[in-house]
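This report refers to the structure that appears directly beneath it.
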Amino acid sequence: HRIFNVILAALKKERRWEDIREVLDEMGAVGGRCAPDRATLVIAMSAYADCARPREARVLLDAMGSMGFGRDRRAYTSMVKAYVNAGQTGAAVQFVSEMESVGLSADLHLWTLLVSMYGRAGALVDAELALEQMRASGYPPNVIAYGALLNGCSRAGNAQEARRVFEDMRARGVTPDQRCFRSLMLAYAREGLSAEVERVWAEMLTTGLSPNRAMYTVLLRAYCKANRIREAKAAYSTMLREGHSCD
RNA sequence: CCUCGAGUGGC
């Protein structure tokens with residue numbers, strides 16, 4: 001089954017969800033040492049999640065459940081992610097309560113996914129609530145969870161809140177990475193506050209992080225939105241000089 | 001790390 005699992009992992013990487021069923025059927029048909037195991041379920045579920053196929057994921061989860069492999073948090077988290085990626089936020093939330101009713105509580109990864117789900121949906125209040133519930137459940141939010149919340153602040157167009165969250169994160173000893181800085185800058189850029197973006201940029205440099213193309217894209221956006229074309233051109237030149245190609 | 005789960009940019 002390890003060989004089949006490697007094949008499934010490759011299909012996941014290539015987003016070929018339509019071929020997954022065939023591999024699973026083959027494993028079942030050969031049986032014995034080739035029969036699906038717990039890892040098979042986890043890999044296939046995450047593949048369906050990445051491909052936004054909640055229907056196929058649900059069928060697989062139920063089938064594996066009757067084979068005794070069902071109670072795996074990772075499989076459940078992938079189920080939620082499948083709903084999220086398919087845009088079915090309501091179904092995702094409902095599934096989480098189903099999960100809790102069978103005795104599987106949310107862990108670090110599921111909480112992080114929920115924060116990002118609400119953030120992506122622009123439901124900033126719910127995202128912040130999820131972050132606090134996460135903390136209260138014994139999972140102190142890490143840089144990834146904070147990054148998801150910052151992304152939510154940015155999408156909600158709330159730069160002030162993004163700054164508050166950013167400072168809260170630091171006060172709790174979580175060191176912001178490039179993505180956190182990028183989300184904070186993007187929040188300011190969306191409001192056309194190019195001077196604030198420059199300030200964050202400078203802050204980022206003092207922490208030793210080096211700007212990448214994603215950050216230059218945000219900086220350019222801020223300058224363009226503020227009609228600071230001269231600065232935009234200068235930043236673009238600097239970007240190329242530092243070896244970041246244009247995409 | 002050793003087959004497997006979390007935040008990824010513009011509109």
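Chain letters run A, B, ... following the sequence lines, proteins first and then strands; every chain starts at 1. Note that the structure is predicted; figures quoted are calculated from it, not measured.
In this structure, A:D177 reaches the bases: a heavy-atom distance under 4.0 Å links it to at least one base atom across the strands shown. Heavy atoms of A:R120 sit under 4.0 angstrom from primed sugar atoms or phosphate atoms, though from no base atom. Note on A:A39: a base of the nucleic acid sits closer than 4.0 angstrom, heavy atoms only. Counting any heavy atom pair closer than 4.0 Å across all strands shown, A:L186 reaches sugar-phosphate atoms only and no base atom. A:N142 comes within 4.0 angstrom of a nucleotide base, judged by non-hydrogen atoms across all strands. No engagement by A:K12 is indicated, since no non-hydrogen atom pair under 4.0 Å with the nucleic acid exists.
Per the geometry, CE belonging to A:M117 stands 16 Å off P belonging to B:A6, to the nearest Å. For A:Y48 and B:C4, the OH to P distance is 19 Å, given to the nearest whole Å. Following rounding to the nearest Å, A:D107 (CG) and B:A6 (P) show an atom-to-atom distance of 11 Å. When the C1' atom of B:A6 is taken as reference, atom OH of A:Y118 falls 16 Å away, rounded to whole Å. Distance, A:M27 CE to B:U3 P: 14 Å, rounded to whole Å. Atom NZ in A:K81 sits about 8 Å away from atom C1' in B:G5, given to the nearest Å. Between A:Y216 atom OH and B:G10 atom C1' there is a gap of 19 Å when expressed in whole angstrom units. For A:L219 and B:G10, the CG to P distance is 14 Å, given to the nearest whole Å.
Distance from the side chain of A:L108 is smallest to B:A6 among B:G7, B:U3, B:A6. Checked against B:A6, B:C11, B:C4, the side chain of A:R221 finds its nearest nucleotide in B:C11. You'll find that the side chain of A:H109 is closest to B:G5, out of B:U3, B:G5, B:G7. Closest contact between the side chain of A:V42 and the listed nucleotides B:G5, B:G7, B:U3 involves B:G5.
Side-chain atoms of A:D72 stay outside donor-acceptor range of the base of B:G5, with no qualifying N/O pair under 3.5 Å.
Judged as a salt bridge (charged side-chain N to carboxylate O under 4.0 Å, His left out), the pairs with a partner in residues 30-47 of chain A (not counting sequence neighbours) are, in order, A:R38-A:D72.
Partners of A:E22 by side-chain hydrogen bond (donor to acceptor under 3.5 Å, both in side chains), not counting sequence neighbours: none found. Applying the side-chain hydrogen bond (donor to acceptor under 3.5 Å, both in side chains) test to A:T175 and every residue at least two apart in sequence or in another chain returns nothing. A:E167 pairs by the salt bridge (charged side-chain N to carboxylate O under 4.0 Å, His left out) definition with A:R163, A:R170, not counting sequence neighbours. The salt bridge (charged side-chain N to carboxylate O under 4.0 Å, His left out) test applied to A:R199 returns A:E196, not counting sequence neighbours.
The distance between the ring centers of A:F166 and A:F181 falls below 6.0 angstrom.
Of the side-chain N and O atoms in A:R190, one or more sit less than 4.0 angstrom from OP1 or OP2 of B:C11.
Taking atom P on both B:C2 and B:A6, the two are 14 Å apart, rounded to the nearest angstrom. For B:C1 and B:G5, the P atoms lie 10 Å apart once the distance is rounded to whole Å.
Taking a 4.0 Å limit (strictly below) on heavy-atom distances, residues 158-170 of chain A does not reach RNA chain B anywhere.
For the side chain to side chain contact (heavy atoms under 4.5 Å, CB included) with A:Y48, the lone residue among A:V59, A:L60, A:L61 that qualifies is A:L60.
Within the model, atoms CZ of A:R155 and CZ of A:R190 stand 7.0 Å from one another, a figure rounded to the nearest 0.5 Å.
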